[in-house]
Every structure is written in C-alpha cells, then in structure tokens.
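All remarks here apply to the structure that follows.
Just follow the structure's listing: the first ligand is 1, and inside any ligand the first atom is 1.
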Amino acid sequence: MPRPIEALVHLDALAANLAAARSAVAGAKVWAVVKADAYGHGIGNVYPALKGADGFALLDIGDAELVRDLGWRGPILLLEGCFEPRDLDTCSRLHLWHTVHQPAQIDWLAAHKTERPHRVFLKLNSGMNRLGFGVDAYRAAWLRLDALPQVGEITLMTHLANADASDAASLDAALAAFAAATAELPGERSICNSAATLRFGASLGAGAGDWVRPGIMLYGSSPDHPRHSAADWQLQPAMTLKSELIAVQALAAGASVGYGSSYTAGRAMRIGVVACGYADGYPRVAPGSNENGTPVLVDGVRTRTVGRVSMDMITVDLTPVPDARIGSDVVLWGRAAGGAVLSVDEIAHAAGTVGYELMCARAPRVPVRVVGG
Ligand SMILES: *Cc1c(COP(=O)(O)O)cnc(C)c1O
C-alpha cells in the first residue's frame with residue numbers, strides 16, 4: 001500500500017469560486033489565472049471546472065500549449081509576455097495574447113513575421129516596480145505598438161502592489177497612475193487580481209476594468225487573510241491535503257515529542273503520528289510547541305500539532321478525539337469527509353506565510369485525485 005497521503009482537487013469548489021469571481025465584478029470578463037501549474041492543483045486537473053472562464057492566464061509557453069491541447073480555443077494570456085523572440089512564433093501559431101512590459105518586447109514584435117496581428121496587453125508599472133512601463137513612458141510605448149502591423153488590439157493593463165493592504169492610499173495612487181497613463185487611450189482595461197476583485201470590484205464598478213485576473217480566490221484561499229477569511233468571502237477550498245494516522249502513542253506527563261523535544265506533555269495524553277511531513281509540502285516552520293500548535297482535523301475534529309514537523313511525519317494531540325486510532329482520517333488543510341473545513345490560510349498564517357505558497361509547494365510525491373463534478 002502506498003503512503004496514505006494524497007491531495008484532493010475539488011471541481012465543485014473551483015466552479016463555485018469562479019462564479020464568485022464573476023459575480024464580484026458585474027460585466028467584467030474573467031481570466032482564470034493558472035500559473036504555477038494552477039497554484040499546485042495541476043492545470044489538467046482544474047481545466048474541467050475552470051473552462052467556464054473567459055480565458056486562461058499563465059506564464060509558460062508550455063502551459064499554453066497544454067491548455068490548447070486540452071481543447072481550449074478561447075483566449076490565453078501570457079502574463080509575463082515573451083521571454084525571447086522565437087516565443088512570438090508560438091504566439092502566432094497558438095493565437096496567444098501576450099503582455100508587453102519592456103521595450104525589447106516591442107523590438108521583437110517589430111521584427112516578427114505574422115499573418116495575423118497579435119493581441120497584446122500593455123503593462124503599466126503603477127508602483128510595484130517589477131514589470132511594466134512607467135507612467136511617463138507608457139503612451140510612447142502604446143504609440144509604437146499601435147503603429148506596428150504585427151499588433152492588433154491593445155489592452156491597457158496594470159498589476160496592483162497593495163490591493164490586499166489595509167490603507168486605501170497606495171491603491172488610490174496606483175489607480176490614479178493608471179488613469180493618468182491611459183487617459184484617452186482606446187482599448188479594454190485589466191487591473192484587478194483576486195484581492196482587488198473581491199474588495200473593490202463592486203465599488204469600482206466600470207473602473208474595475210473589462211478583464212479581471214483572479215488567481216488565488218479560485219483555489220479557495222483568501223487574498224487578504226487574516227482580515228477576511230476564505231469563509232468571509234464565501235470561497236471553498238479547492239485542495240484538500242489529507243492523510244491518516246499511522247501510529248498512536250500514549251505519553252506520560254513529562255514526556256516529549258519529536259526532534260528537539262519542542263513539546264512536553266504536561267499530563268498523560270495520546271498523540272497521533274500522521275503520514276505527512278515537510279517533504280510532502282507541509283511547512284516545517286508550522287509551530288508545535290507547548291505555547292503554539294498548528295490546527296489540524298482528525299476524523300473531522302479540530303486539534304493541533306505537537307512537536308516539530310519532520311520530513312515524513314507530524315504529530316498531533318488526540319485529546320479532543322478519544323476514538324482516533326491508526327487509520328483515522330487527517331486533514332492538513334481543506335475539507336474533511338463530514339464537511340468540516342480547515343482553510344489553508346490558517347496553516348499558512350501559523351507558519352508565517354500565505355496560502356499561495358503552501359498550495360504551490362505540494363510535493364510531487366503527493367498524488368492528486370480529482371473529485372466532485
Ligand atoms: C498572479 C497574477 C494574478 C493573480 O493574482 P492573485 O493574487 O492570485 O489573484 C493577476 N495578475 C497578474 C499579472 C499575476 O501575475
């Protein structure tokens with residue numbers, strides 16, 4: 001028998017979360033962002049549930065080819081655009097739309113031979129200072145693109161640095177920069193990631209743009225945890241990382257658990273040993289000290305980790321689950337069989353990171369099973 005660990009991908013949750021993105025910004029078209037192999041879920045796995053989107057946004061040409069092979073004939077957007085000139089040949093062949101964020105990408109287009117003009121997304125740097133033309137250079141880049149026979153429609157795009165932040169000031173500055181740079185330029189607009197879609201989609205109205213680009217929310221993680229939980233946004237976990245107890249230990253008062261003996265039983269207690277460790281993608285820094293544990297579900301009952309996360313195992317307090325035994329179900333994050341939910345955001349928060357990182361870090365040794373719908 002293989003180790004009992006597996007990751008479930010829930011198609012019903014993905015479809016519900018996509019519907020939530022669609023209803024957050026009335027009238028906008030929705031890119032399903034599936035970079036990083038659909039945030040660790042597998043592009044091929046999520047495709048049946050997300051093909052209700054208006055397009056797929058991703059980074060790798062190889063992933064774009066995969067989405068075409070899956071049968072998608074609609075828009076595909078390369079969020080970082082082309083990495084070298086010959087990527088444009090693939091864009092021509094597969095009808096890929098691509099981001100233009102730096103001058104060399106315009107040079108490559110000018111030298112490219114294509115029968116069909118390309119749809120491009122011209123990216124403004126609105127304060128993130130990673131990719132994009134500055135406010136002063138944006139209009140010149142647009143004029144250059146507009147003059148090229150290789151270029152058809154140009155969509156005006158930016159990515160917000162602080163859509164999940166508490167103060168509205170930096171968001172307002174970014175939106176003002178976008179408004180200034182794009183004033184009087186024709187074309188569709190694309191601005192919002194998950195955080196902006198959920199938090200400002202309704203209030204921005206038409207200002208939210210023609211295309212929204214939700215990623216993390218599709219997978220059931222809150223983009224602004226802990227201010228809002230996934231449940232607050234009515235998002236459902238698209239991934240369940242689950243395993244089983246492979247051993248149960250009775251600890252006497254004063255006995256310790258795991259490497260470094262970081263947890264010491266204050267009284268006699270039972271603990272369970274779970275077939276899941278950091279080599280499966282569970283964060284090693286998730287706390288299991290006497291003061292702080294990390295939440296976990298055993299047979300659907302919420303308890304906590306005790307002791308350090310090791311490569312292949314974690315240990316959990318069975319006090320609230322007296323019937324637990326070898327073979328009991330353990331949910332590290334996601335949805336338990338009885339319906340109890342433990343958001344990946346809680347584990348991420350305990351480990352000092354974000355749901356994005358944990359979902360993307362699912363290890364290749366953890367098999368994926370697609371369920372629901
Ligand atoms: C990753 C990405 C998104 C999606 O961001 P989420 O926070 O996951 O919603 C949107 N736009 C761009 C340009 C991205 O790189």
Ranked by distance from atom 1 (C) of ligand 1, the top protein heavy atom is K35 NZ, 1.5 Å
### Message
With a 4.5 Å cut-off on side-chain heavy-atom distances among I, L, V, M, F, W and Y, is there a chain of contacts connecting V316 to Y263?
### Response
no
Under 4.0 Å between heavy atoms, the region of M217 that gets near ligand 1 turns out to be neither
In this structure, atom 7 (O) of ligand 1 is nearest to the protein heavy atom Y356 OH, 2.6 Å
Are R213 and W31 in a cation-pi contact, defined as NZ or CZ under 6.0 Å from the six-membered ring centre and within 45° of the axis?
-> no
Taking every heavy atom of H118 against every heavy atom of S92, the minimum-distance pair comes out as NE2-OG, 2.8 Å
Before signing off on this row, confirm whether L79 and ligand 1 have an N or O atom pair separated by under 3.5 Å.
-> no
Ranked by distance from atom 8 (O) of ligand 1, the top protein heavy atom is Y39 OH, 2.5 Å
Indicate, with yes or no, if the rings of H41 and Y219 have centres closer together than 6.0 Å. yes
min-distance protein heavy atom vs atom 11 (N) of ligand 1 -> R213 NE, 2.9 Å
the protein heavy atom lying closest to atom 9 (O) of ligand 1 turns out to be S194 OG, 2.5 Å
Review point. Does a donor on one side chain sit under 3.5 Å from an acceptor on the other, for S222 and D345?
Key: no
Counting heavy atoms under 4.0 Å, the part of H159 that contacts ligand 1 is side chain
Exercise for review: Tell me yes or no: between the side chains of S256 and T264, is some donor less than 3.5 Å from an acceptor?
Suggested key: yes
Ring geometry between Y282 and W333 (parallel below 30°, tilted from 30 to 60°, perpendicular above 60°) | parallel
Do any nitrogen or oxygen atoms of R130 lie less than 3.5 angstrom from nitrogen or oxygen atoms of ligand 1? no
